Amino acid sequence: MGKKPQSIYICQGCGYQAPKWMGRCPDCGQWNSLVETVMHPSKGHRENISCAEPQAINQIIIHPEIRIQTGIAEFDRILGGGVVSGSLVLIGGEPGIGKSTLVLQVLNQLAERRLKALYITGEESLQQIKMRASRLQISSDHLYVLTATCIEDCFRKIEELKPDIMAVDSIQTMYTEDLSSTPGTVGQIREVSAKLMAFGKTSQTPIFLIGHVTKEGAIAGPKVLEHLVDTVLYFEGDSNHIYRILRSVKNRYGSTNEIGVFEMRDKGLEEVGNPSRLFLQERPEGASGSVVIPCLEGTRPLLLEVQALVGASSFGVPRRTCIGIDPHRVSLLVAILGKRLGLELGDQDIFVNVTGGLRLEEPASDLGIVSALLSSFLNRPVDMDMVIFGEVGLAGEVRGVSQPELRIKEAARLGFTKCIVSKNSLAKSPSAFDMEILEVGSVQELYENLFMGSS
Ligand code: TYD
Ligand code: MG
């Protein structure tokens with residue numbers, strides 16, 4: 001009692017805290033990003049959490065986590081096999097990508113299983129939610145909606161309702177009375193999330209937190225939460241495509257980089273059980289420059305088509321445009337082709353595109369990209385039934401990649417019959433696979449095998 005409220009200044013970019021205002025954040029260098037936040041001294045009722053005793057690691061008993069299946073298989077899989085009780089899951093993404101839709105669908109699924117689900121929103125009115133719900137054909141008796149922005153109010157209602165699972169949409173609209181700054185500032189976001197976290201852990205209620213991420217990647221909001229929450233899922237995709245990819249970038253209860261693929265339909269998000277087929281279904285027949293690469297997204301193999309277009313440049317400076325792939329990697333591969341094969345692509349315009357709006361991050365896609373570049377440059381199509389993968393080194397050597405068997409199996413499942421891989425990367429002999437397998441040790445060998453034989 002009697003203590004003066006204390007002001008601190010928090011950088012909205014990185015969360016740096018300073019006792020006085022500064023024009024520029026000394027940590028991240030952003031200008032004018034420090035916002036005053038008044039910390040009200042707590043009124044002396046800090047819960048008496050008794051400090052735990054240190055325990056010998058051998059004596060800690062593992063309680064198997066309780067998981068709740070949502071019935072949306074793609075979503076359960078990303079989480080590592082269902083929602084863990086008491087876990088805090090952050091779902092981030094650009095506005096309009098489908099976060100509210102997904103969460104409402106998930107809550108409805110659980111409500112249908114007679115779990116009491118609560119959807120707290122500070123973004124939309126009850127009318128708007130109801131309209132969305134009817135569009136999604138959601139009508140469970142156990143799904144409750146609360147419009148509120150003050151977290152203390154929410155907790156009062158939560159105590160009355162005692163939900164089994166809840167969602168907060170969005171974290172940027174919520175505030176706590178403890179801080180005087182406006183909702184959406186780093187201080188508020190952190191504090192509200194910490195309160196939700198504490199509540200979730202003590203009551204064993206799983207909570208979904210929705211966080212907006214802006215186009216420029218200014219993820220001040222959700223980014224500062226990543227270390228706090230148990231699981232971070234980001235929605236990827238753009239409004240030009242109907243696919244939405246939900247990717248786990250952190251998961252205390254499962255493997256990361258798992259992806260789930262959804263389609264945005266007029267009745268909400270539908271899961272795509274076989275994404276490779278979806279991404280390949282519009283593949284052009286007999287076109288040069290098109291190659292299918294078996295990638296690995298988390299634990300899931302995924303076949304993606306990469307397309308290259310190489311042509312003489314009509315400008316002084318040739319253009320390099322890459323969509324879904326790092327242009328520096330493409331430049332590097334072009335340089336390797338120049339040096340090792342004597343193919344000068346330096347004066348050519350080069351365009352590379354990964355279809356379906358996905359990104360190729362793995363070095364395992366190098367060999368496929370090289371093949372696409374060569375195929376377009378030579379105007380010789382690569383066999384439609386062939387997949388290609390392997391990492392390419394600076395000397396033009398082809399290196400092994402992780403889990404080749406898994407990739408080959410996925411390709412075989414989708415009807416591909418030929419595969420080019422790096423030498424010595426397979427544990428089993430090539431004849432053990434349901435495929436014609438060709439092993440190459442260098443880009444020269446790839447070139448000879450793909451384009452030097454009779455076509
Ligand atoms: P929404 O879940 O509101 O996005 P977020 O919460 O991430 O901002 O989804 C918004 C978009 O999804 C909107 O442009 C309309 C589209 N949509 C559909 O195509 N079908 C549907 O059934 C619903 C509910 C939304
Ligand atoms: Mg929304």
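Predicted model, so just to flag it, every value in this text is computed and none were measured. Counting starts at 1 for both ligands and their atoms, following the listed order. Position 1 is the first residue of the sequence, and the numbers go up from there.
Ligand 1 lies under 4.0 Å from heavy atoms of E94, P95, G96, I97, G98, K99, S100, T101, R132, R135, L136, M264, R265, D266, K267, G268.
Contact annotation: the side chain of Y16 never approaches that of S33 to less than 4.5 Å [non-hydrogen atoms, C-beta and beyond]. No side-chain heavy atom of S100 sits less than 4.5 Å from a side-chain heavy atom of V103. Residues P206 and R67 have side chains not in contact (no heavy-atom distance under 4.5 Å, counting atoms from C-beta outward).
A salt bridge is absent between E271 and R77: the closest approach of a Lys/Arg side-chain nitrogen to an acidic carboxylate oxygen does not fall below 4.0 angstrom. Between R132 and E124 there is a salt bridge, since a side-chain N of the basic residue sits under 4.0 Å from a carboxylate O of the acidic one.
Shown are the protein N/O/S atoms under 2.8 Å from the Mg ion (ligand 2), given by residue and atom: S100 OG.
Note: E410 CD to N274 CG = 6.5 Å, rounded to the nearest 0.5 Å.
Using modelled atom types, one side-chain atom of K99 and one backbone atom of E94 make a donor-acceptor pair closer than 3.5 Å.
R156 is linked by a side-chain hydrogen bond (donor to acceptor under 3.5 Å, both in side chains) to D153, counting only residues two or more places apart in sequence or in another chain.
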Contacts table for residues 104-111: side-chain donor-acceptor under 3.5 angstrom, sequence neighbours left out:
residue: Q105; atom: OE1; partner: L269; partner atom: N; Å: 3.1
residue: Q105; atom: NE2; partner: L269; partner atom: O; Å: 3.2

